[in-house]
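Note sheet for the following structure.
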2 protein chains.
Amino acid sequence: MTEERKISMAVIRRLPRYYRYLGELLDNGVTKISSRELSEKMKVTASQIRQDLNNFGGFGQQGYGYNVEYLHKEIAKILGLDKTHTMIIVGVGNLGQALANYPSFSKRGFNLIGLFDINPRLIGMSMRGIEVMDIDKMEDFVKTNKVDIAILTMPKTRVKETAENLAKWGVKGLWNFSPVDLFLPEHVHVENVHLSHSLMTLAYKINEAEELDNGNDYKPF
Amino acid sequence: MTEERKISMAVIRRLPRYYRYLGELLDNGVTKISSRELSEKMKVTASQIRQDLNNFGGFGQQGYGYNVEYLHKEIAKILGLDKTHTMIIVGVGNLGQALANYPSFSKRGFNLIGLFDINPRLIGMSMRGIEVMDIDKMEDFVKTNKVDIAILTMPKTRVKETAENLAKWGVKGLWNFSPVDLFLPEHVHVENVHLSHSLMTLAYKINEAEELDNGNDYKPF
DNA sequence: TAGATTGTTAATCGATTAACAATC
DNA sequence: TAGATTGTTAATCGATTAACAATC
């Protein structure tokens with residue numbers, strides 16, 4: 001029995017950035033890089049980069065550094081980008097349409113195979129060669145097609161119920177854009193994009209900086 | 001001289017969730033709540049809630065708990081939601097339009113005052129009562145209007161230069177939706193929304209779960 | 001007053017950084 | 001071989017959780 005090394009999400013969330021940066025190096029014809037060089041360009045410590053990578057194996061070579069192409073590929077494997085994933089979008093409003101038109105997803109093996117909405121004016125329309133279907137047809141669709149990921153870009157009132165149904169029908173991942181917390185069985189993975197939270201965080205940063213400029217600490221009373 | 005209590009971003013990023021949840025309680029007519037009750041509903045520890053809040057002051061009352069309305073308002077103040085913020089959107093493609101139509105921003109005091117694009121087919125169009133302007137007019141606009149936040153939803157090739165210009169022209173916060181790292185003077189605050197990173201993280205979770213199901217650890221060789 | 005729950009200090013846990021032996 | 005840089009252990013730092021005295 002191999003030992004369980006539970007890797008923290010803090011590590012995982014840094015990998016896409018490494019991956020992106022290595023992709024840029026690759027495009028620029030760079031073949032090798034050391035953790036120190038990488039750390040300087042990415043403004044993290046070299047130690048962190050080496051620790052992060054060594055959670056998954058020794059990808060470098062002492063005295064040399066890392067082969068860019070190899071490391072790039074290995075990170076892809078860790079993240080599961082060497083596999084293809086099927087996706088549906090539930091709620092084809094502005095945001096849903098924006099995501100449907102995102103070209104870089106399919107490049108990374110995320111293939112959109114279905115669009116669903118409740119709005120009769122949208123049903124039957126075609127985007128990226130995919131017809132928008134009535135949400136009533138979703139259960140059938142999900143059960144007959146293998147759907148890995150459902151993108152939830154619908155009004156928040158219907159998200160909880162929809163998420164629970166999708167989980168029941170075998171969808172493994174939910175990419176949730178609603179300001180709603182989903183508590184689902186642990187075999188269903190949820191990734192939240194809380195845009196309003198992100199904006200509030202930005203407001204905090206701006207606000208805090210101004211208060212410090214004015215020489216004021218935050219005073220509750 | 002008041003002491004410097006540098007509050008970590010980990011704490012700040014939890015506040016919007018508390019804020020949202022308290023708002024829901026408020027809508028449901030709940031007037032008081034204890035840290036324990038809150039912790040059970042939000043699936044965090046009561047200790048963490050109390051520690052987080054006590055970074056900013058004592059908002060509760062021993063033996064009673066927290067007044068929902070008061071705490072909700074105080075968190076708003078901490079995040080700077082008691083002030084209004086002006087925003088412009090730079091790049092009115094699918095995602096920019098989606099954000100322009102997001103109703104909840106203005107509810108929280110984030111007011112959209114300008115839309116900019118490079119595409120002649122979009123320039124002159126009107127969204128939410130705001131005309132899309134040529135990006136050439138942006139410098140003038142930013143310098144004559146007080147712009148707090150610029151939402152960057154443009155192609156990544158032009159983001160770096162645009163961000164540097166906006167910083168120079170006095171914009172305090174950038175909400176960056178491009179897969180680009182911005183290194184700017186520290187008085188300019190950047191909040192990144194890296195959708196592709198988020199999706200890759202979801203792919204990892206799905207993938208990892210399957211490998212564990214199959215009894216496989218990740219094997220690099 | 002007795003019971004409840006905060007505010008806050010102390011203990012624990014986990015993540016990051018530093019250091020260096022291994023090795024290419 | 002000498003120099004460089006990894007992989008990995010040890011030290012530090014920070015964040016979370018536990019405990020409890022203060023107090024409403």
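Heavy atoms only: backbone and side chains are in, while hydrogens, waters and symmetry mates are out. To find a chain, count down the sequence lines: A is the first, B the second, and so on, and within it residues start at 1. Note that the structure is a prediction, hence the values are computed from the model and not measured.
- Between B/K6 and A/E208, at least one side-chain nitrogen of the basic residue sits less than 4.0 Å from a carboxylate oxygen of the acidic one, meeting the salt-bridge criterion.
- At a non-hydrogen distance threshold of 4.0 Å, nothing from residues 9-24 of chain A comes into contact with DNA chain D.
- Under a cut-off of 6.0 angstrom, the local environment of CD in A/E40 is crowded, with over 12 non-hydrogen atoms contributed by other residues, nucleotides or ligands.
- DNA chain C forms stems at C:3-24 with D:3-24, each a run of 3 or more consecutive Watson-Crick or G-U wobble pairs whose two key distances fall under 3.5 Å.
- Bounding nucleotides for the chain A contact on DNA chain C, 5' to 3', at a heavy-atom distance below 4.0 Å, are C/dA15 to C/dC24.
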Given side chain to side chain contact (heavy atoms under 4.5 Å, CB included), test B/V188 with B/V171 step by step and report yes or no.
-> CA-CA 7 Å; B/V188 186; B/V171 174; over 6 Å; no
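- Applying the side chain to side chain donor-acceptor pair (under 3.5 Å) test to residues at least two apart or on different chains, the pairs with a partner in residues 173-189 of chain A are A/W175-B/S198, A/N176-A/N192, A/D181-B/R17, A/D181-B/R20.
- Nucleic acid contact class of B/S34 (heavy atoms, under 4.0 Å, all strands): sugar-phosphate only.
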Without placing hydrogens or testing angles, list every side-chain donor-acceptor pair under 3.5 Å for residues 79-100 of chain A, not counting sequence neighbours.
residue : atom : partner : partner atom : Å
A/T86   : OG1  : A/K146  : O            : 2.6
A/T86   : OG1  : A/D148  : N            : 3.0
A/T86   : OG1  : A/D148  : OD2          : 3.3
A/Q97   : NE2  : A/V92   : O            : 3.1

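- In terms of position along DNA chain C, the nucleotide closest to B/Q61 lies nearer the 5' end than the nucleotide closest to the other residue of the pair A/Q61 and B/Q61.
- The environment of B/E139 atom CD is dense: over 12 non-hydrogen atoms of other residues, nucleotides or ligands sit within 6.0 angstrom.
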Dump the intermediate steps for side chain to side chain donor-acceptor pair (under 3.5 Å) on B/Q48 and B/T45, then the final yes or no.
-> CA-CA 5 Å; B/Q48 180 162 76; B/T45 63; 5.0 Å; no
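- The stretch residues 12-51 of chain B participates, sequence neighbours left out, in these ring pair (Phe, Tyr, Trp, His ring centres under 6.0 Å) pairs: B/Y19-B/H72.
- With A/Y66 as the aromatic partner, A/K32 does not meet the cation-pi criteria of under 6.0 angstrom to the ring centre and within 45 degrees of the ring axis.
- B/T45 comes within contact range of the sugar-phosphate backbone alone, with a heavy-atom separation under 4.0 Å but no base atom that close.
- The residues A/K160 and A/E164 are annotated as salt-bridged, a charged nitrogen and a carboxylate oxygen being separated by less than 4.0 angstrom.
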